[in-house]
Amino acid sequence: MRWLRDYFHLCTTSNRRFMEYQPRSIERKWLKWWQETGTYRVSSQGKKPKYYILDMFPYPSGAGLHVGHPLGYIASDIVARFKRLQGFNVLHPMGYDSFGLPAEQYAIQTGVHPAESTERNINRYREQLENLALSFDWSREVRTSDPGYYKWTQWIFMQLFSHYYDLEAQKALPIAKLVQHFEHYGSSEIRAVCNEDTPSFSASEWKAMTEEEQQTLLMCYRLTYPEESYVNWCPGLGSVLSNDEIKDGVSERGGFPVERKLMKQWTMRITAYADRLLDGLDHLDWPDSIKEQQRNWIGRSHGTSVRFGVEGHPEDYIEVFTTRVDTIFGVTFMVLAPEHELVSKITTNSQRDEVASYIKWAGSRTDVERMAEGKKVSGAFTGAHAINPFNGALVPIYIADYVLAGYGTGAVMAVPCGDERDWNFAQHFKLPIIPILDTQRDLDKSADATKEGRYINSGMIDGMVYEAAVPTLVGWLEERGLGAGKVQYKLRNAIFSRQRYWGEPVPVYWKNGLPYLIEECDLPLELPAVDQYLPTETGEPPLGRAQGWRYTAPDGQQYDYELNTMPGWAGSSWYFYRYMDPSNSSEFCGKEALDYWKQVDFYIGGAEHAVGHLLYSRFWNHFLYDLGKVPEQEFAKKLVNQGMIQGRSNFIFRAKERFFEEYVWLKVLKPFFEEEQPINMEKLGHEEGMHYDFAFASNDLVIEVTSRRQEEKIERVLKSAAADGKRLLVLTNEELADYINDPSATAGKIRRALLGREPYYMTEEEPKSNALYVSCHLTSKYTPDAFSRLHVDVNIVENDVLDLSKAAGLPMFERASFKLDADGKFHCTSEVEKMSKSKFNVVNPDDVIERYGADCYRMYEMFIGPIEVAKPWNTNGISGVAGFLRKFWDLFFNEQGWRVVDEVPDKEELRHLHYAIKKVTEDIERFSLNTCISHFMIMTNELRALKCHKRAILEPAVVLIAPFAPHLAEELWRHFGHTETVCDAVWPICQEEYLQREVVVLPVQINGKHRGNIEVAVGLEGAELEKLVMEQEFVQRNLGGASVKKFIFVQNRIINIVI
RNA sequence: GCCCGAGUGGUGAAAUGGUAGACACGAGGGACUUAAAAUCCCUUGACCCUAAAGGUUGUGCAGGUUCAAGUCCUGUCUCGGGCACCA
């Protein structure tokens, strides 16, 4: 009975349908199994070495994923699975950066709470991501908008508030320590990072201060503090933006204009970490471009600060920063920023009006205007003069907006002979230009910034070279307290407030105009409900709308909360730690988990975060490291940027009226008259201001080509023709389109009209077409403006050929007719563009997966090219990968079913397997995943040619392919009888001895030119080899009797004979 | 303007200083088929030439180093990205 049942089973299941590679049924099965058995659960315990591979988490946008998004996820998943097979305990998590503007904008428009729309988007993302078989441990998912998560974002903010940066210790220390110091020593002998204008005070002065005065002073030291400053205010978004959120003077998101506005904002004292953030880059395995961008952003420059006296104001001085103190004898004027504090004080009465109007003008200009004007010179003379400390020379003081208030001291010493901007300014205001180096040339034409040569007109450094001059000058300044060597940064402290709803509330309340932290036990400070997501009538942020949202402080009093929320980068600056211990409610991450996972080993994400997320995360990480809360200075050891996947748009050409006119001429009239008796014909008739498309000189017929929808035009032509005494033939675009592949039908109509007597011909037949599309190869015969070029949905195009049956279903092509190519196909043109809905080039991964399977999709994304490079998505090539997967499958199955046998493999089979093991292992390690796929293809083609179906070869091959095509591998793995998942198999190891061959084919070059190949035994070398090579016919022939100068032999590589 | 990065067939691309174009797509030809699809086989950088063979040339351009250069060096052009009155 059993036998009978098995036989029956075999009969029903061994039909073709079952033995063919059916990706979707396999994939659904294993996806479910993996979910149900928790295959991707990760535990933080165990003796295995750890490996933490992380993708930058996405903002869950409403549009869902397109084929470009998963590129990095697939790549990281392959590495994660590979490392797991190699015996690592791999952490490969995913979550959502779920606070953000789009959800809030949507809320403003629809009233839907951002939490609700965000939840919906996340669910969609989750579904799409799961389809890709990414081995994420979903039990560790984090969301930055989850109160259980942002509790710890707020906690980190509180730590920053209660710490200052100590320059002695080179780390953050508790503010209490600073207070202690003040109580004993005042501000003397403290070396801490603080605001520029922080006053000095003694211990007794400190003690005499009120609570408010003390707190105000401490704000100058805290690592996050509220500050009145000029910010980038974006009225369009109703919020402040940071510098990296602005591109080309408008907001990166939305493209709204941005203006300067003085506002009180929370600020992060990132500049305290400038040096460490810069120096830390040297030890990171990150792309050079990212490191370089961060270096530029931090912008450290070494120079000198110099004090210039002001004539008539002995108590004041102007401090400048310069990187070229050696040029100080070339100073012929000074320039202050219009906002400089001394401007009003030193301006003379006669110049007061001019200066005031310049300041007003400069302040009114937006960044966009400034940028548009470029380097146009503007400025105003203050009437005052500065005193050069070295030679006492008096130089005029100007203000100009090319000097930035925010950088350095907001003042520059102008050296027109060496600085282009100063030179331009000097030319414009007719100021003197003094040469200071004997090598400077053509100073009447432009500045010369050289450091070469010896100084002239330069007092104490006359005759010296650059290297000697700088220390001389700096020494002289330092001795007299007039200046010192100084390091200057471009990096600004980061504005941390946003006037938005959908962000983390700042855990602060205000008392007597001063901010205080709420109690830690009151965390998280949750977002309150509001009636609308807009600013209040009084201009306060949306949180100002929350009814009765006040803090009850320990003193029992109620106070107002801070109404700003945190910026988008707050939650993303530490999320990598939360994955290690996602549900910990007493710490942001437990110590045990931190000690085990330590830091991210491999981080993958887009290059657009180069100076935003990646710099802020490093900043917070350095801070947490100072507090002893995290084990490593840097959060991510290695970083790779995946390139964008661009869209590949397809275009079709729709015929315009011009086309039909040209068509009638080219395809109908011209051949018609060539065949028949030649008739004198004017292409265009012209009578009484009326153009006919075609008018015959020897006949009273005129032809008009137009759309039948243009009834008015037809009417007009008809009238005109009647007045001219012409008979009229109207050919409509629509009927021409109907008969587009049969010009003789139209020719017949013309012939009948020519011979006929009727005054007016127009078809009565209802046309089938309302538009005509022309295959792109045919368009070259017509003028370009005979067509409109339109985007066509790439999903109905394959290999640039329009699928007419799919097109017929679209409203766009209802009643359209198509002029096909000679091959009977309709061809489109293509172009690479950004992937976007409006360009109809968005390819949804779900569709690709449904058709080819997730394994095929994963492999194809990797196969297109290197991860780091931007490249266009083109579904065409996927058939190559699909074919490969089927061939691979066919090594295991034929029509009869499972065909794997237990025979002993031969040398050649082993060599192909082990070569693939070697190449794939190496290539995954150097993150070259596209070439891995090639190696799989080569191996499969070879094994197929060898008709190899041996278990000893195919079983390791399944493990090898498992990171790339996990479903397929799981299915095949189980057929071998395994009950455990292929994810926990053992990665095969390449055994070099199988790679050895007995003979090797060596290319032979003569003078570097390839002349032929020679097959020699491995290991043959020296005189014996040389003799064998020289005996070759092709060698002798190409030598032409010349004597050999040198015989070069590179083992297993090449032979080169030099003559 | 400054700083990065990249230029290789019709296309995506490959190549520790060692036969340039692996692996694919597309295209062309053939087999199977009543036909189509699917599948399989052959050809495929350009040019010259042949019966077979063979040869010339070729990695943006111009030089250089080397027995040997897509790869290293110098200069130059083009494209992409970043920064931009940063003193």
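Letters go in sequence order (proteins before strands), and every chain restarts at 1.
Distance, A:E922 CD to B:A22 P: 21 Å, rounded to whole Å. Following rounding to the nearest Å, A:Q646 (CD) and B:G12 (P) show an atom-to-atom distance of 11 Å. Separating the CG atom of A:L885 from the C1' atom of B:A24 is a distance of 13 Å, rounded to the nearest angstrom. Following rounding to the nearest Å, A:N876 (CG) and B:G26 (C1') show an atom-to-atom distance of 8 Å. Here B:G81 presents its C1' atom at 15 Å from CD of A:E868, a figure rounded to the nearest Å. In this structure, A:E861 places its CD atom 14 Å from P of B:A13, rounding to the nearest Å. For the pair A:D923 CG and B:C23 C1', the computed distance is 12 Å after rounding to whole Å. For the pair A:D821 CG and B:A27 P, the interatomic distance rounds to 13 Å; values are reported in whole Å.
In this structure, A:F964 and A:V920 have side chains that are in contact, with non-hydrogen atoms separated by less than 4.5 Å. At least one side-chain heavy atom of A:I878 sits under 4.5 Å from a side-chain heavy atom of A:C856. Between A:V412 and A:D419 there is no side-chain heavy-atom pair separated by less than 4.5 Å.
Distance check: A:K490 NZ to A:Y407 OH gives 7.5 Å after rounding to the nearest 0.5 Å.
Counting all heavy atoms, side chain and backbone alike, A:I917 lies closest to A:C990 at CG2-N, 3.4 Å. Smallest separation of non-hydrogen atoms from A:A870 and A:Q646: C-OE1, 4.0 Å.
The gap from the C1' atom of B:G9 to that of B:A15 amounts to 15 Å, rounded to the nearest Å. Using atom P as the reference point in both B:C85 and B:G5, the two lie 24 Å apart (nearest Å). B:U44 and B:G21 are spaced 12 Å apart, taking the C1' atom of each and rounding to whole Å. For B:G7 and B:U71, the C1' atoms lie 14 Å apart once the distance is rounded to whole Å. B:C47 and B:C40 are spaced 32 Å apart, taking the C1' atom of each and rounding to whole Å. Comparing the C1' positions of B:C49 and B:G54 gives a spacing of 8 Å, expressed to the nearest Å. Nucleotides B:A51 and B:A46 have their C1' atoms positioned 24 Å apart, rounded to a whole Å. Here, B:A13 and B:G26 have their C1' atoms 14 Å apart, quoted to the whole Å.
A:N650 places a side-chain N or O within 3.5 Å of a backbone atom of A:T829 that can act as its donor or acceptor partner.
Taking for each of A:G410 and A:N874 the nucleotide of RNA chain B with the nearest heavy atom, the 5'-most of the two is the partner of A:N874. Each of A:S879 and A:A405 has a nearest nucleotide on RNA chain B; the 5'-most of these lies closest to A:S879.
Under the ring-ring contact (aromatic ring centres under 6.0 Å, His included) criterion, A:F390 pairs with A:F329, A:W476, not counting sequence neighbours. Checked against side chain to side chain contact (heavy atoms under 4.5 Å, CB included), A:D923 has the following partners two or more places apart in sequence or in another chain: A:R926, A:S928, A:T931, A:C932, A:H935. Applying the side chain to side chain contact (heavy atoms under 4.5 Å, CB included) rule to A:N493 yields the partners A:Y225, A:T267, A:R269, A:I270, A:T271; only residues at least two apart in sequence or on another chain are considered. Residues satisfying the salt bridge (charged side-chain N to carboxylate O under 4.0 Å, His left out) test with A:R1011, not counting sequence neighbours, are none. By the side chain to side chain contact (heavy atoms under 4.5 Å, CB included) test, A:A405 is found to be paired with A:A337, A:E339, residues two or more places apart in sequence or in another chain being considered. With sequence neighbours excluded, the residues forming a side chain to side chain contact (heavy atoms under 4.5 Å, CB included) with A:T940 are A:F884, A:K887, A:F888, A:L891, listed by chain and number.
Between A:K825 and A:D800 there is no salt bridge, since no side-chain N of the basic residue sits under 4.0 Å from a carboxylate O of the acidic one. With salt bridges taken as basic N to acidic carboxylate O contacts below 4.0 Å, one links A:K918 and A:E992.
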Which letters describe nucleotides 39-59 of chain B, given B = protein heavy atom under 4.0 Å from base, S = only from sugar-phosphate, - = neither?
SS--------------SSS--

Classify every nucleotide of nucleotides 1-9 of chain B by which part a protein heavy atom approaches to under 4.0 Å, writing B for the base, S for the sugar-phosphate alone and - for neither, in 5'-to-3' order.
--SS-----

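Using a 4.0 Å cutoff on non-hydrogen atoms, the parts of residues 1047-1059 of chain A near RNA chain B are A:I1048, A:V1050, A:R1053, A:I1054, A:N1056, A:V1058, ordered by number. The stretch residues 928-938 of chain A touches RNA chain B through A:N930, A:T931, A:S934, A:M937, A:I938, each having a heavy atom under 4.0 angstrom from the strand.
Contacts of A:D800 with the nucleic acid, taken as non-hydrogen atoms under 4.0 Å apart, are absent. A:P866 comes within contact range of the sugar-phosphate backbone alone, with a heavy-atom separation under 4.0 Å but no base atom that close.
Side-chain proximity of A:F863 to B:C23, B:C83, B:A15: nearest is B:C23. Of the candidates B:A13, B:U19, B:C25, the closest approach to any side-chain atom of A:Q1005 belongs to B:U19. Listed nucleotides B:A24, B:A13, B:C25 differ in distance to A:K871; the shortest reach to its side chain belongs to B:A13.
Screening residues 858-884 of chain A for salt bridge (charged side-chain N to carboxylate O under 4.0 Å, His left out), with sequence neighbours left out, gives A:D77-A:R858.
Taking the six-membered ring for Trp, A:F333 and A:F425 have ring centres closer than 6.0 Å.
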Chi angles and distances behind the side-chain hydrogen bond (donor to acceptor under 3.5 Å, both in side chains) call for A:Y21, A:D890:
CA-CA 8 Å; A:Y21 176 43; A:D890 288 346; over 6 Å; no

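Between A:Y402 and B:A87, a side-chain N or O to OP1/OP2 separation shorter than 4.0 Å is absent.
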Pairs counted as Watson-Crick or G-U wobble with both distances under 3.5 Å: what dot-bracket string results for RNA chain B, using | for bases tied to another strand?
(((((((..(((.....[....)))((((((.......))))))((((.....))))..(((((..]....))))))))))))....

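Under the 90° criterion around 0 for the glycosidic angle, B:G70 counts as anti.
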